[in-house]
Peer 1: 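Okay, handing you the structure first.
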Amino acid sequence: MIQVAVVSGKGGTGKTILTASLATLLSQDKVLIDADVDAANLALLLSPTDRKTLEFKGMDGAVIDTESCIGCGICAEACVYDAIRKAGDIYEIVPYRCEGCGSCTIVCPEDAVSMASRITGMIHYADTPLGPLLYGSLTPGSGNSGLLVHRLRQEAGLLRPDVPLVLIDGPPGIGCPLISTITGIQIAILVTEPSKSAQSDLQRLITLCRSFRVRMFLVINRSDVNQNITEDILRLAAENEIMVLGTIPFDRTVLNATRQGVPVVRMSGAASEAIHQITQNLSKELDQL
């Protein structure tokens, strides 16, 4: 099984658009994962049919037994996250503030506070014309995004343990969700654009991927918007011995395809042609693994 993640140091670089296009063009039998659990949108381009949804339980959270609580407030004083508030004569937990540290369970003189598992998101299974798709939806205000990404990858392995390719639409940034995405994978496709912020974020992304010993490839989207920065990014790739799969020019067809909910490679245009070539280059590298 080869695991490929399409990642970016910042949002808005075209990562999901490229992932949907690669899923369309790569001929291998595959499982798709949308690891952007805070704002999953790969499904918007793949015409999915929902199969089932499972609850995701993250770290334990505090629960106060209202029958045992005497309203002393010691737990609220001990909570550094301000996750316990008074409700009449007793106290209650504010779930989205609770970090699961358990301090309240230690200080309560009546043993009225305990830790219990809590639902912090959902795992969605869907069928698409390109293969099964798994994606998550994190409850607003919940943590555990990295754990949810890890669970999605586990579920994909259980769903199709013999599949030759797992293609992951990674989360933006370099936080816990990305670490959970790239841990143990073979290839990371870094998607960037010619802007100062994207260039800076790309450098941090390269550093992180290298620390996880992930083989990196680079794609520059909207490469003709600022040719000077594009050249800087190409030099950065050369300095880090990262193969450039290709560059994608600015193309309004991308916007039209997104509005219609289809991968851009299903339309003709400069971006589509560039992604076809990028896919060919990637396929050659996959064949060597």
Side-chain angles (χ1 to χ4, degrees), residues 1-8 11-26 28-61 95-96 117-173 175-185 188-189 191 257-264 266:
M1 177 190 294
I2 300 174
Q3 299 179 75
V4 178
V6 183
V7 298
S8 61
T13 60
K15 170 180 55 63
T16 298
I17 290 170
L18 179 61
T19 304
S21 295
L22 292 176
T24 302
L25 298 177
L26 289 171
Q28 295 94 329
D29 189 18
K30 64 185 76 70
V31 171
L32 308 173
I33 300 174
D34 190 338
D36 188 359
V37 296
D38 289 299
N41 52 27
L42 180 60
L44 299 177
L45 301 176
L46 299 181
S47 303
T49 300
D50 292 334
R51 287 178 50 197
K52 64 177 179 179
T53 301
L54 300 179
E55 295 176 344
F56 168 71
K57 295 182 179 180
M59 293 188 298
D60 289 352
Y96 67 87
S117 60
R118 52 184 175 180
I119 299 170
T120 57
M122 307 297 290
I123 297 174
H124 306 273
Y125 294 74
D127 288 324
T128 79
L130 308 176
L133 167 66
L134 286 84
Y135 62 99
S137 55
L138 198 65
T139 302
S142 298
N144 312 137
S145 53
L147 289 176
L148 181 48
V149 172
H150 177 68
R151 176 71 183 280
L152 286 171
R153 293 184 60 193
Q154 284 185 322
E155 292 296 321
L158 294 173
L159 180 65
R160 291 289 307 276
D162 58 338
V163 74
L165 177 64
V166 175
L167 182 61
I168 307 171
D169 182 16
C176 291
L178 179 69
I179 291 173
S180 291
T181 298
I182 65 175
T183 300
I185 68 171
I189 300 174
V191 183
T258 303
R259 285 173 173 170
Q260 295 182 37
V262 298
V264 66
R266 296 201 182 280

Peer 1: Hey, does the side chain of D36 reach the backbone of P172 with a donor-acceptor pair shorter than 3.5 angstrom?
Peer 2: no

Peer 1: Which atoms form the tightest heavy-atom contact between L130 and L32, and what is the distance?
Peer 2: CB-CD1, 4.4 Å

Peer 1: Going from CG on L152 to CZ on F56, what distance comes out if it is rounded to the nearest 0.5 angstrom?
Peer 2: 8.5 Å

Peer 1: Rounded to the nearest 0.5 Å, what's the gap from CD1 on I189 to OG1 on T19? Could you check?
Peer 2: 7.5 Å

Peer 1: Nearest heavy-atom pair of V191 and G14: which atoms, and what distance?
Peer 2: CG1-C, 4.3 Å

Peer 1: Contact between V7 and I168 at the side-chain level, heavy atoms closer than 4.5 Å - yes or no?
Peer 2: no

Peer 1: For residues A43 and P48, report the shortest heavy-atom separation together with the two atoms involved.
Peer 2: O-CD, 3.1 Å

Peer 1: For the pair R118 (side chain) and M59 (backbone), establish whether a donor and an acceptor sit closer than 3.5 Å, ignoring hydrogens and angles.
Peer 2: yes

Peer 1: With rounding to the nearest 0.5 angstrom, report the CG to CD1 distance, D169 to I17.
Peer 2: 10.5 Å

Peer 1: Under the side-chain contact (heavy atoms from CB on, under 4.5 Å) rule, what do L42 and I33 come out as? Steps first, then yes or no, please.
Peer 2: CA-CA 9 Å; L42 180 60; I33 300 174; over 6 Å; no

Peer 1: Where is the tightest heavy-atom contact between S21 and V264, given as atom of each residue plus distance?
Peer 2: OG-CG1, 3.5 Å

Peer 1: Do we see a donor-acceptor contact under 3.5 Å between the side chains of Q3 and R153?
Peer 2: yes

Peer 1: For the residue pair T49 / D127, report whether a side-chain donor-acceptor contact shorter than 3.5 Å exists.
Peer 2: no

Peer 1: To the nearest 0.5 Å, what is the distance between OG on S145 and CD1 on I179?
Peer 2: 10.0 Å

Peer 1: Between OG of S180 and CD of Q154, what distance do you get to the nearest 0.5 Å?
Peer 2: 10.0 Å

Peer 1: Closer than 4.0 angstrom, basic N to acidic O: yes or no for D162 and R160?
Peer 2: yes

Peer 1: Closer than 3.5 angstrom, by distance alone: can the side chain of K15 be matched with the main-chain N or O of G170 as a donor-acceptor pair?
Peer 2: yes

Peer 1: Looking only at heavy atoms, what is the nearest atom pair of G121 and T139, with distance?
Peer 2: N-OG1, 3.4 Å

Peer 1: Exactly one of L165, I185, V166, L26 should register a side-chain contact (heavy atoms from CB on, under 4.5 Å) with V4. Which one does?
Peer 2: L165

Peer 1: If I take atom CG from residue D38 and atom CG from residue L138, how far apart are they, to the nearest 0.5 angstrom?
Peer 2: 5.5 Å

Peer 1: If you look at every heavy atom in L46 and T128, which pair is closest and at what distance?
Peer 2: O-CB, 3.6 Å

